[in-house]
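Side-chain atoms are counted along with the backbone in the values below, which use heavy atoms only and exclude waters and symmetry mates. Atoms within each ligand, like the ligands themselves, are counted from 1 in listed order.
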Amino acid sequence: MSDRIKRLAVIGVGLIGGSLALALRKAGACGEVVGCGRSRENLERAVALGVIDRFEQEPGRAVAGADMVVLGVPLGAMEAVMGRIASSLAADAVVTDVGSAKMAVADAVRRTLGGHLARFVPGHPIAGTERSGVEAAFASLFEGCSVILTPLPETEAGALARVGAMWRACGAEVVEMDIAHHDQVLAATSHLPHLLAYTLVDTLARMDDSEEIFQYAAGGFRDFTRIASSDPVMWRDICLANREAIGEMLARFSNALQDLAEAVQGGDGETLLSLFHRAKAVRDRQIKGRTLSAED
Ligand code: NAP
């Protein structure tokens, strides 16, 4: 294929970076894959699992000669990594990231990769699991999922097309979105639910009889809280990177929760029933039966 990647550099060979490398190899859409991260053990495991061909622990060395560079690190590490690759990128290299919030990434790109803005394509695969590290990576992760690209005003059409082709080779559907809109939508659909899951588990854990409570936790509790097993560093970084949109969603949800508390405490069955009917109808129509991706 004409969009075939000759040398792919993946900085952050974890669930997302590792799965992308596996999917591209499976599709025959890339040649050599160079991985980069801090832990030698994770990178050696990535070679053993056939995720990458070789690795470098210095990001600048990892991107040398690569025509496609994917930043798969937590959001809090993005800017430092960008700073370390800036002077080593090939002039025609396309750079993209997979971070779960996009405004913070765009701001970091402007501060660090000014000379490469035209060839930077912010991206976010709406796929994942609550697991992390290269051991969690699998080739089919992105099949049938959406990948949102949020090009900068400076992003060249050719770079955008190459990143789109890369994700389509993994079986994903590619859509474009405005950066601020992406952050608002994801605050509602992904970031808020993760915070609710973490808070629910933490609230119960801090009750005196928490041991007994968890002993009787059934399927509903497990379904609702599975995502509270996600990586805490990643979620701290997402909250910090998308604090404005998440703050708005938390305020909106707090109001709704307050209304719910009043209805429960006031024995207002009519309000409760109509809320549950409304929510069930929306969920049945919008979500039930659709295959959902786990993270994001
Ligand atoms: P992950 O499995 O923990 O992988 C992150 C990788 O980055 C690790 O292999 C880690 O290896 C490496 N890393 C961390 N800090 C680094 C640094 N300072 N320099 C170089 N490498 C570093 O996490 P993930 O789930 O793949 O998430 C990665 C990115 O994808 C995040 O930005 C996240 O917002 C986004 N995302 C996640 C999901 C999801 O469901 N998990 C979905 C969509 C997007 P070392 O510790 O060895 O350095």
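- The shortest N or O to N or O distance between Leu15 and ligand 1 is below 3.5 Å.
- Between the side chain of Ser19 and the main chain of Phe138, a donor-acceptor pair closer than 3.5 Å is present.
- Between the side chain of Asn242 and the main chain of Asp183, a donor-acceptor pair closer than 3.5 Å is present.
- Heavy-atom contacts of Val13 reach the following atoms of ligand 1: 9 (O) (cutoff under 4.0 Å).
- Heavy-atom distances between Ala127 and ligand 1 reach below 4.0 Å in at least one pair.
- Not one N or O of Ser132 is nearer than 3.5 Å to an N or O of ligand 1, by distance alone.
- Checked by atom type and distance alone, the side chain of Arg119 never pairs as donor or acceptor with a backbone atom of His116 at under 3.5 Å.
- Taking distance alone, with nitrogen or oxygen atoms compared against 3.5 Å, Arg131 stays at or beyond that limit from ligand 1.
- Residue Ser39 has at least one heavy-atom neighbour below 4.0 Å for each of these atoms of ligand 1: 45 (P), 47 (O), 48 (O).
- In Pro59, neither the side chain nor the backbone holds a heavy atom less than 4.0 Å from any atom of ligand 1.
- Residue Gly133 approaches ligand 1 through these ligand atoms, each under 4.0 Å from one of its heavy atoms: 1 (P), 2 (O).
- Residue Asp231 has no nitrogen or oxygen atom sitting less than 3.5 Å from a nitrogen or oxygen atom of ligand 1, judged on distance alone.
- Ligand-side atoms of ligand 1 in range of Thr129: 40 (O), 41 (N), range being under 4.0 angstrom from any heavy atom.
- Remark: ligand 1 atoms within the under-4.0 Å shell around heavy atoms of Val98 are 29 (C), 30 (O), 35 (C), 36 (N), 44 (C).
- With ligand atoms numbered from 1 in the order given, ligand 1 contributes 25 (O), 27 (O), 33 (C), 37 (C), 38 (C), 39 (C), 41 (N) to contacts under 4.0 Å with heavy atoms of Met234.
- Every atom of ligand 1 with a heavy atom of Gly72 under 4.0 Å away is listed here by number and element: 5 (C), 6 (C), 7 (O), 28 (C), 29 (C).
- Remark: the backbone N or O of Val51 is paired with a side-chain donor or acceptor of Arg25 at under 3.5 angstrom.
- Ligand-side atoms of ligand 1 in range of Asn42: 9 (O), range being under 4.0 angstrom from any heavy atom.
- On a distance-only criterion, Val73 and ligand 1 share at least one N/O pair closer than 3.5 Å.
- A donor-acceptor pair under 3.5 Å is absent between the side-chain atoms of Glu154 and the main chain of Ala118, judged by distance alone.
- Considering both main-chain and side-chain atoms, Ile16 comes within under 3.5 Å of ligand 1 through a nitrogen or oxygen pair.
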